Amino acid sequence: MISLAHAAGTPQQGGGFEMLIMLAMFAVIFYFMIYRPQAKRAKEHKSLMASMSKGDEVLTSGGLVGKITKISEENDYISIELNANNEVVIKRDFVTAVLPKGTIKSL
């Protein structure tokens, strides 16, 4: 009786390979669910910033909609005309979308 109880209480050895497989599965899930979509969004935003030109209508992360009047290449700032009287200067990174032509007139 004592020998059966003693034998049942011993832990199993050799769980290292299963642990490596589980760790690899977590790495694959992390890559496809977190890293890859974030890298894709960053690449799209970088191409958006490179394609902006004078006269484009843009939407900023703060919710402002305006037309680009001036682009400064050396310090990454752009000047946006909100209406005939207001013009703001923002960093290029804060532009979230380039809108189709005529969007400002339809608002």
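These figures come from a predicted structure and were not determined experimentally. Just so it is clear, the values below take in all heavy atoms, side chains as well, and ignore hydrogens, waters and symmetry mates. Just so you know, residue 1 is the first one in the sequence shown, and it goes up from there.
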Honestly curious: do [X] and [Y] fall in one hydrophobic cluster under the side-chain, below-4.5 Å linking rule?
X	Y	answer
Val95	Ile71	yes
Ile68	Val98	yes
Phe26	Met19	yes
Val28	Met22	no

Exercise for the section: Check for a donor-acceptor pair, side chain of Asn86 on one end and backbone N or O of Asn83 on the other, with a separation under 3.5 Å. Expected result: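 No, because the side chain of Asn86 does not come within donor-acceptor range (under 3.5 Å) of the backbone of Asn83.
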For [X], enumerate each residue passing the side chain to side chain contact (heavy atoms under 4.5 Å, CB included) test, keeping only those at least two apart in sequence or located in another chain.
X	answer
Ile21	Phe17, Met25
Leu64	Thr60, Leu82, Val88
Ser79	Thr69, Lys70, Glu87, Val89
Glu44	Lys40

Problem - Minimum side-chain heavy-atom gap Ile90-Ile80 below 4.5 Å - result: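 Of all side-chain heavy-atom pairs linking Ile80 with Ile90, at least one is under 4.5 Å.
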Handout entry: Over 12 foreign heavy atoms within 6.0 Å of NZ, Lys46
Key =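 Result for NZ/Lys46: open.
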Handout entry: Pairs involving residues 19-37, ordered by first then second residue, that meet salt bridge (Lys or Arg N to Asp or Glu O under 4.0 Å) (sequence neighbours left out)
Key =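 Every pair satisfying salt bridge (Lys or Arg N to Asp or Glu O under 4.0 Å) with a residue in residues 19-37: there are none.
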Exercise for the section: With rounding to the nearest 0.5 Å, note down the distance linking CD1 in Ile78 to CZ in Phe94. Expected result: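 So the gap between those two atoms works out to 11.0 Å.
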Practice task
Kindly write out the residues that satisfy side-chain hydrogen bond (donor to acceptor under 3.5 Å, both in side chains) with Asn75, not counting sequence neighbours, or none if the list is empty.
Solution key: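 Result, side-chain hydrogen bond (donor to acceptor under 3.5 Å, both in side chains) vs Asn75: Ser72.
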Handout entry: Test applied, side chain to side chain contact (heavy atoms under 4.5 Å, CB included); reference residue, Leu99; option that passes from Val65, Ile104, Val58
Key =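 Answer to the side chain to side chain contact (heavy atoms under 4.5 Å, CB included) test with Leu99 among Val65, Ile104, Val58: Val65.
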Practice task
Check Glu57 against Lys67 and note the closest heavy-atom contact, atom names and distance.
Solution key: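 Heavy-atom minimum between the residues: OE2-CE, 4.1 Å.
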Handout entry: Closest approach of Ser53 to Asp56 (non-hydrogen atoms, all atoms of both residues)
Key =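 Scanning both residues, the minimum pair turns out to be N-OD2, 3.0 Å.
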